[in-house]
Amino acid sequence: MKHVVVIGGGVAGIETAAQLSKSGHWVTVVEKSNQLGGKLNDWHCLFPDFSLAKEQLDWLQSQKHQADLQVLLETKVTSVNRTNGRFAIETSGKDKLEADAVVVASGYELFDARRKEEYGYKIYERVITSADLEKRMNNGELLRTPEGAPNRVAFVHCVGSRDEKSGNHYCSKVCCITGVKQAIELKKLSPGTEIFCFYMDLRMYGKHFEELYRTAQEKYDIQFIRGRLSEAAEKIDKSVQIKAEDTLSGRPLKMNVDWLVLLVGMEAGTGTAQAASVCGSRCESSGFIATADEHRSTNLSSQEGIFVAGSCTGPMSVTDTILHARSAACEVNDYFQKLEKSWL
Amino acid sequence: METPSFALPFIIGLLFIISFLIVVTIIWIAGLSKIDKIRIWKNMPTRKTGEALAETFMESLLHRKIFRKNPVLGYMHTSLAFGWFLLIVVGHIETALHYRTLSFPIWKSIFFRYAEQTPPAGFESKFFAASMDFLLLIVLSGVMLAYYKRIHKSLFGMKRTTRLKVGDRISLTALWLIFPLRLAAESVSANLYHNGSFLTQSAGNLLASFVPVQQMEMPLWWAYSCALGVFFLTMPVSRYMHIPVEVLLIFLRKYGIRLKKNVNTYTRVQVFSCSRCGICLDSCQMNHANIRNTQSVYVLKQIRGRRLSDEQLFNCLLCGRCQNDCPVGLDLNNLRITQRIESTMEYNSQYDYLKSDCMPKPVSTEVIYFAGCMTHLTPAIIKSMRALFEMAGVSYWFMDEDKTACCGRPLMQAGQYQAAQKLVDHNREKIQASGAKTLVVSCPICYKVFNEDYSLPGIRVVHHSEYLLELMADKRLPIHKLPLRAVYHDPCELGRGSGIYHQPRLLLDEYANLIPVRNEKEKAWCCGGSLANIKIQMSERDQIRQKAMEEYLSYGPDVLVTACPLCKKTFAKDRNLPVHDLSEVVYMAIRQKSTGNTSEDPGKKEVNYEQIFFPRITS
Amino acid sequence: MAVKNFGFAAIKPRTIDFEQFDGRLLSEILELEPSFKVCLSCGGCTATCSAGNLVSFNIRQLNLLLRRGETVGLENEIKKCMLCGKCMLVCPRGINIRNVIMLIKKSVAKSHSLKR
């Protein structure tokens with residue numbers, strides 16, 4: 001029986017582990033936090049179908065139980081050493097593991113919006129991130145003003161993505177549709193609120209995304225303004241004045257909004273940087289782990305026997321992460337078969 | 001004795017260079033403005049002349065500033081300059097005493113060992129012969145070091161040295177040959193006439209043992225004289241022109257002559273005073289971005305050759321590090337700005353739109369707060385300043401809260417003085433109309449221009465770091481020291497640009513633990529974001545920033561503190577260290593104190609950076 | 001070059017005719033400031049612009065029009081910039097906008113002095 005160690009217990013990690021376990025391998029998941037599920041735990045619902053994140057989490061749990069995985073919580077991998085074609089893995093806990101293959105599924109981190117100081121995150125009271133909004137939705141904390149429901153809310157796309165100033169030149173892919181989804185959610189909760197989305201480009205790449213965008217316009221009166229926010233200033237009444245150019249009409253624009261939501265992008269983060277470094281896997285300049293090929297081998301890292309799954313390789317939706325995790329499991333199986341053949 | 005024919009090259013060279021220097025000095029002084037000429041005339045009979053003489057001695061001969069930079073480099077310059085100077089002076093005294101007259105042909109003192117072919121008799125002659133040998137030895141040691149410097153720069157504390165052009169090469173070769181040839185010629189003569197001392201006599205006797213000294217004598221004296229002649233003849237086209245011109249510069253500077261907004265002959269004096277020592281090459285942070293042709297020494301060289309391109313001229317941060325290190329004390333930033341003014345003269349702006357009535361009207365007030373354009377992109381500074389004004393009970397007019405003209409400094413840095421003047425006039429009118437006594441500025445770029453170019457009589461211009469320090473000293477702001485290790489980054493325009501190094505440090509040390517770093521105050525790094533550089537690419541700015549950040553990180557601080565929105569923005573691109581403005585630190589510290597979460601309480605856990613700067617907002 | 005007919009505000013809606021493209025100024029600027037190529041027309045520069053806050057001045061549009069070979073009225077428009085540098089701090093592509101402005105100013109002045 002082959003032993004596989006999966007680093008990271010988020011969507012990608014659990015799904016890879018579950019699939020590998022179904023193929024008859026012994027799998028250990030190492031997770032640094034105290035629960036499985038990763039960032040999904042903090043999310044309220046998913047685009048484009050508004051299914052609750054909780055449902056997906058429950059499904060992941062059931063996957064885990066069916067597969068009978070060994071899970072090490074609050075544990076970090078501190079070193080991975082290749083000896084005689086196997087891997088000796090040391091962790092921050094007492095356990096020392098031996099594995100035939102390693103899958104890195106260390107995920108992403110959200111862009112720290114404080115780094116875009118001009119948007120006033122953590123400086124102004126009524127500036128929050130998309131992640132904060134999801135948490136509020138989970139806790140039932142609505143966006144309010146002293147007068148009640150907000151009159152106007154603005155979403156800012158591409159915060160910490162496609163931005164040389166943030167050091168992230170890439171597109172985070174999921175924020176466009178997240179913005180549309182969250183705008184609709186807000187509108188559903190308070191139909192009287194005017195909602196504006198400030199975007200540079202709207203990249204509705206996935207299935208049903210474009211339809212959701214159309215619905216947002218058609219059914220929910222959400223307005224889309226093509227222009228990047230340059231700065232925000234807090235008014236005495238705590239509302240936020242934002243500046244952008246309405247590039248399609250070619251005129252500068254000022255707007256007072258009651259709440260400003262920053263659609264923060266995805267970054268490789270320290271977890272992935274550390275996982276890549278202990279495994280000796282090469283990273284791209286963006287910080288995400290480089291894959292052996294852009295088309296056929298998106299689950300192979302630069303090290304043989306070390307595989308990658310999910311958003312540690314680049315921004316990814318939950319849908320894509322599950323697919324990527326399954327293909328990672330296929331690659332691992334393939335690898336074991338090849339090994340056996342070479343033994344024969 | 002008749003003038004020997006070999007003295008001819010030397011005499012021609014000397015006559016040429018003396019007449020050349022007289023002519024250029026007259027042209028240069030004639031080219032100064034009338035006021036400057038009066039200034040020279042008036043200051044000449046004062047103690048300034050004495051001071052200029054003293055400075056000439058200390059800098060042109062002893063090279064004190066280079067000594068401070070690196071002792072070996074200093075010794076090389078001193079031995080050559082002061083040694084040679086003494087050789088000439090002592091040589092003249094020796095000759096004068098020998099002939100008991102002050103009027104003797106100049107060649108006699110220069111070629112004394114040939115002119116006076118009798119062995120030194122008596123203490124006086126022996127003393128002078130020994131002194132001259134000793135001085136020659138000193139100069140030769142300097143020449144040896146100069147040879148060595150070309151091979152091995154690091155001994156002199158230099159990573160780079162200047163590239164030479166043709167005139168320099170000829171001149172340099174001549175200079176390097178003068179003293180070895182002098183030694184050879186004097187040694188040969190010493191062997192023949194026994195008129196040498198410890199160095200020349202023994203060298204002469206040694207030479208005689210394997211070369212025919214009789215036949216060597218005239219060729220060597222010829223060669224020595226030719227080397228001198230060539231050196232003098234090539235001086236105007238080489239960098240050694242700095243030797244005489246630097247003296248002129250020292251005097252003019254002492255008399256109060258300064259660079260003007262347009263190019264004049266004083267610009268030429270400054271440019272010709274550059275010795276191309278190359279010290280500015282190592283000071284320059286453009287190296288960190290692999291930009292190696294825009295440093296001051298090269299720009300001055302191009303100005304001298306009238307070949308300066310915009311790409312070189314504008315690719316400079318105007319951080320002032322080279323100016324700080326320049327041993328000649330050249331006004332390098334203003335030299336560059338003057339060139340930029342000339343280069344962009346044709347296309348200034350009028351800004352007629354400022355006259356429209358959409359501009360906000362001045363508000364009557366004691367204190368004006370001017371945040372600056374950049375500060376609107378760092379709202380934490382504005383928020384902190386507002387809060388601190390309120391705590392201290394200061395009522396103020398936030399002049400650029402919504403609409404305002406830029407201060408004009410970025411235009412000036414780009415050479416657009418005429419355009420900048422329009423903005424200056426506009427803002428000045430408003431500031432004066434408010435009747436304010438104090439103008440508090442958050443941006444060092446604005447601060448410098450308000451201070452230097454606005455002429456605001458009766459109005460005190462203060463940077464917020466000075467102002468907050470005053471408020472604290474007046475007990476209008478409480479003190480609370482945060483348990484954070486802070487490195488302070490000096491903004492160029494506030495530090496080297498305006499000489500404000502201590503106030504921010506005094507303030508910061510009251511509110512956090514200030515850690516000193518190696519490159520600070522006058523030696524501080526530029527963040528790389530400077531607006532003065534019009535040409536640099538963003539990726540190159542990043543490289544400059546990273547190098548500075550590396551040093552700061554090596555001290556393991558909790559926070560990097562600066563006093564400039566542009567520095568803050570630039571450093572904030574780095575994820576490794578949080579960056580805050582001084583005003584934020586003061587505000588956060590006071591807020592920390594008022595929430596009662598103090599580290600003075602021994603039972604409590606130490607508060608960390610996150611808790612201080614981003615306490616959870618509980619609604 | 002057609003720089004005579006000022007009055008930029010009154011640019012008539014008309015077809016951008018690439019057959020009549022006057023790319024001289026553009027290629028000159030692109031050569032000296034290649035970062036100008038990567039503009040994605042987000043409008044951040046115009047939104048933050050200190051001059052644009054006071055007067056009708058749209059630097060993004062000017063740059064875009066230049067890329068379409070449109071130089072009518074450029075001279076008077078470009079002079080409105082105060083070089084404050086805010087645009088440089090918000091540009092997501094790190095474009096050296098201030099150099100583009102100085103190059104346009106210089107180039108227009110040069111073409112004027114040539115005509116004289």
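Computed over heavy atoms, backbone and side chain alike; hydrogens, waters and symmetry mates excluded.
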For the interface with chain C, which of A:Lys243, A:Arg162, A:Arg226, A:Lys254 has the highest count of heavy-atom pairs at distances below 4.5 Å? A:Arg226

Chain A interface, residue from C:Cys87, C:Ser41, C:Cys45, C:Cys49 that has the most non-hydrogen pairs under 4.5 Å: C:Ser41

Is the side chain of A:Asp201 donor-acceptor paired with the backbone N or O of A:Arg203 at a distance under 3.5 Å, no angle test? no

Would you call the rings of C:Phe18 and C:Phe21 parallel, tilted or perpendicular, taking 30° and 60° as the class edges? parallel

Closest-packed option against chain A by number of heavy-atom pairs under 4.5 Å, given C:Leu64, C:Asn53, C:Thr46: C:Thr46

Kindly give the heavy-atom pair with the smallest separation between A:Arg114 and A:Tyr121, and that separation in Å. N-CD2, 3.7 Å

If only side-chain N and O atoms count, and only distance matters, is there a donor-acceptor pair under 3.5 Å linking C:Glu33 with C:Ser35? yes

